[in-house]
Amino acid sequence: MPRYLFGGFRLDTRDLVLLKDDSLVPLTPKALETLLVLIKGTGETVSKERLFEEVWPDQAVSEAVLSQNVYTLRTALREAGGEDGLIATVPRRGYRFTGSVKIEQTNFGKLEESLSVAILPFQALPPTEENLALGLVIADLLVAHLGGLGISAVHPTSGRPASLKGLARRSKVDGLVTGWVQRSGEQLRVSCQWLEPETGAPRWAEKFEGSLPEIFALQDRLCDAVAEQLAPKIEPRPPSGLSSTNPQTYRSFIRGRYLWSQRTSSALREAVTHFQEATESDPTYAPGWAGLADALVLLPFYSGDAPQSAFTQAEAAAQRALQLDGGLSQAHTSLAYSKFLFRWNWRQAEEGFRTALELNPSDANAHHWYGFMLAALGRDQEAISHAQQAVDRDPLALAINADLGFVLYFAHRSEDALRQFALTLELDEGFSYARFGMSLALERCGRLQEAVEQAEEAARLVPESPTMRSAVGRLMAMTGRTEEAREQLRRLKDQGASSIHRALVLIALGEIKEALRSLQQACVERSSYVVFLNQWPIYDPLRENEEFSRLVASVGLPSRPTAHPKRKDTALT
């Protein structure tokens, strides 16, 4: 792990202590964390937002707390003999570390056991769908294998940062593991390397070769070699069971995993097909059944498909996976998600999410979906905590980043939500789901024209999505473009969209009676969106309506304080 040297000081990141000429400089943990963030961004303006995110990730603190923290840090540096002006204030923006910093590596060669690493999907040559999918699953295998050795491994599943430095900042890790998958006919070559996160300097690299039928043995060798470098004193364990089946099953599985990560209706439908192929070719392959459940529970949300069929099939697939492997956290997570979105059984859903996290505390998807459920129940702080933990464990996953934005939005922290949606779009500006979220947060902040622009761009990116079309229709109604809003309603009907999508536009048009009829039908259909009846500001015009209150009760949502609908949005800054 690196040490940062400046002006006679040494900041040791392993124990997070600051020394001056080998004497300890007394500082609080938060002051030390602030110094580390500033030093990592030496020469750049480190925004207040970034400091809040990295030093107080799960707390709402004021600017006064940050200012006091910086004052404490400046005083300690000056009293220890440091130069004046090491930390400069950039008015209205943040702070800049102005000192000259040298990075000293402390552990080249064999690396220490107490590590946090980011495992990137391995890139592919040629970049065919199958090769890209194989690169994604190799990363999955490494995460599972290293996690079994006690190494904290995060898995950035999608998106690409502007630089390694940007990735290191998002991931908050000690190092990166990545590589290439090269295929020529049946021959495979996998190159793997460990990189120093901020400079990209390689610490270790190795190549592994074999034929496609030998893929499992090749992956086992790769996992063992990486584990030997990162945890040489720990006895190796067998790799995860993800690859323990025949090659045809595995090929179908990795294609399904790759498509599932893309989060579009067309990709999810293809993912379902590939997972079904995997389970047909090997009915005893538990990860295949769990993958099928994962894809099916998302289909109604992204495609507008009827929930009854998708969720019933998803539950059957998850239960089959658990019959084959009761310790598979992924299957517990999918089953819990269905209990939440489809069955409205909050107790069983929470028990399922907690079981998944007991089995695998690093399961980003379990934190992600559990946080979403807590948001629907109005348990804002718990929801934000789990959503943030999901981002910490999978910092480049587009859906996970976007859903942290939605959790903040449901908690009436729209300015914070806007920042999170913007961070998501930095990873992939074409991710329509984040643009949809940004349109909602902008609307809540009173920036209606910008909200319209974001919604229209989201609909342009995925024209088949009824969610994006209803978002456009709502905002047209809110900005006085009534006829255009009604045209969107007609298109939704022609598209066979769910009643919930029509209801959202009708609310904005002020047609409350018709909106309530559509909401009643949406409850009958078990639309995924009705679980947010309590929390979604879109429903605010209906709060005083007795029929709406009965709908909320029918879903089994807890009673909401009467003051909550009028609560103003808050923000960290």
Side-chain angles (χ1 to χ4, degrees), residues 136-137 140 143-144 155 157 240-242 252-254 256-263 265 267-279 283-303 305-376 386-387 390 393-394 397 399-400 403 526 528 531:
L136 183 67
V137 173
D140 276 342
V143 169
H155 183 187
T157 55
S240 158
L242 284 175
S252 298
F253 171 75
I254 63 174
R257 278 282 295 117
Y258 174 70
L259 290 161
W260 177 82
S261 71
Q262 295 181 16
R263 293 296 209 280
S265 60
L268 285 168
R269 292 186 202 285
E270 286 187 67
V272 167
T273 299
H274 288 300
F275 286 131
Q276 287 173 333
E277 290 171 354
T279 57
T284 67
Y285 185 45
W289 290 105
L292 178 59
D294 272 354
L296 287 165
V297 294
L298 288 179
L299 259 182
F301 216 81
Y302 283 89
S303 68
D305 282 11
Q308 179 74 39
S309 174
F311 280 108
T312 301
Q313 292 179 70
E315 289 176 353
Q319 287 163 349
R320 178 59 178 148
L322 292 173
Q323 288 171 0
L324 293 165
D325 183 355
L328 201 58
S329 67
Q330 181 185 357
H332 284 285
T333 298
S334 290
L335 193 56
Y337 198 53
S338 181
K339 298 290 186 185
F340 154 46
L341 278 183
F342 181 62
R343 300 294 177 187
W344 307 338
N345 190 324
W346 316 107
R347 182 184 59 79
Q348 289 185 9
E350 185 154 18
E351 288 173 356
F353 285 127
R354 287 180 172 176
T355 298
L357 289 169
E358 286 171 8
L359 290 167
N360 183 5
S362 294
D363 188 333
N365 205 45
H367 283 290
H368 173 201
W369 287 352
Y370 186 26
F372 219 42
M373 186 190 82
L374 292 167
H386 280 282
R393 286 160 174 77
D394 200 346
I400 286 176
D403 276 342
R526 294 276 168 156
S528 300
V531 296

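In this chain, residues are counted from 1 in sequence order.
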Could you go step by step and tell me if V272 and L268 meet the side chain to side chain contact (heavy atoms under 4.5 Å, CB included) rule?
CA-CA 6 Å; V272 167; L268 285 168; 5.7 Å; no

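- A321 and A290 get closest at one heavy-atom pair: CB-N, 3.8 Å.
- Within the 4.5 Å cutoff, side-chain heavy atoms of F342 are placed close to those of E315.
- The existence of a salt bridge linking E351 and K339 is excluded, since no basic side-chain nitrogen approaches an acidic carboxylate oxygen closer than 4.0 Å.
- For the atom pair CG (L296) and CD (Q276), the distance works out to 7.0 Å, reported to the nearest 0.5 Å.
- Between the side chains of E277 and T273, no donor-acceptor pair of N or O atoms lies under 3.5 Å.
- Side chain of W260 to backbone of L292: no donor-acceptor contact under 3.5 angstrom is found.
- Side-chain atoms of H332 never come within 3.5 Å of backbone atoms of A318 as a donor-acceptor pair (strictly under, hydrogens ignored).
- Counting heavy atoms from C-beta outward, R343 and Q348 have side chains that stay 4.5 Å or more apart.
- For the residue pair Q330 and D294, a side-chain donor N or O sits within less than 3.5 Å of a side-chain acceptor on the partner.
- Taking all atoms of both residues into account, the shortest heavy-atom contact from V297 to P300 is O-CD, 3.8 Å.
- Side-chain polar atoms of N365 and T333 form no donor-acceptor pair below 3.5 angstrom.
- Nearest approach of D325 to A286, heavy atoms of both residues: CB-CB, 3.9 Å.
- How far NE2 of H274 is from OH of Y258: 11.0 Å, rounded to the nearest 0.5 Å.
- In this structure, the side chains of F372 and Y370 stay at 4.5 Å or more apart for every pair of heavy atoms.
- Just one residue in the list F340, Y337, F311 forms a side-chain contact (heavy atoms from CB on, under 4.5 Å) with S528, and that residue is F311.
- Annotation for L359 and S329: closest pair CB-CB, 4.1 Å, computed over non-hydrogen atoms.
- The closest side-chain heavy-atom distance from E350 to F353 is not below 4.5 Å.
- Of the inter-residue distances, the one linking E270 atom CD with S265 atom OG reads 10.5 Å to the nearest 0.5 angstrom.
- Note that CE of M373 and NE2 of H368 are 13.5 Å apart. Values are rounded to the nearest 0.5 Å.
- Atom CD1 of I254 is separated from atom CG of L259 by 10.5 Å, given to the nearest 0.5 angstrom.
- The shortest non-hydrogen separation linking S252 to A278 is CB-N, 3.7 Å.
- Without hydrogens or angle criteria, R393 side chain to P361 main chain gives a donor-acceptor distance under 3.5 Å.
- The minimum heavy-atom distance between G256 and F275, with the atom names listed, is C-CZ, 3.3 Å.
- In this structure, CD in Q319 is found 12.5 Å from CG in L324, a value given to the nearest 0.5 Å.
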Run the numbers on H386 and W369 for side chain to side chain contact (heavy atoms under 4.5 Å, CB included), then give the verdict.
CA-CA 9 Å; H386 280 282; W369 287 352; over 6 Å; no

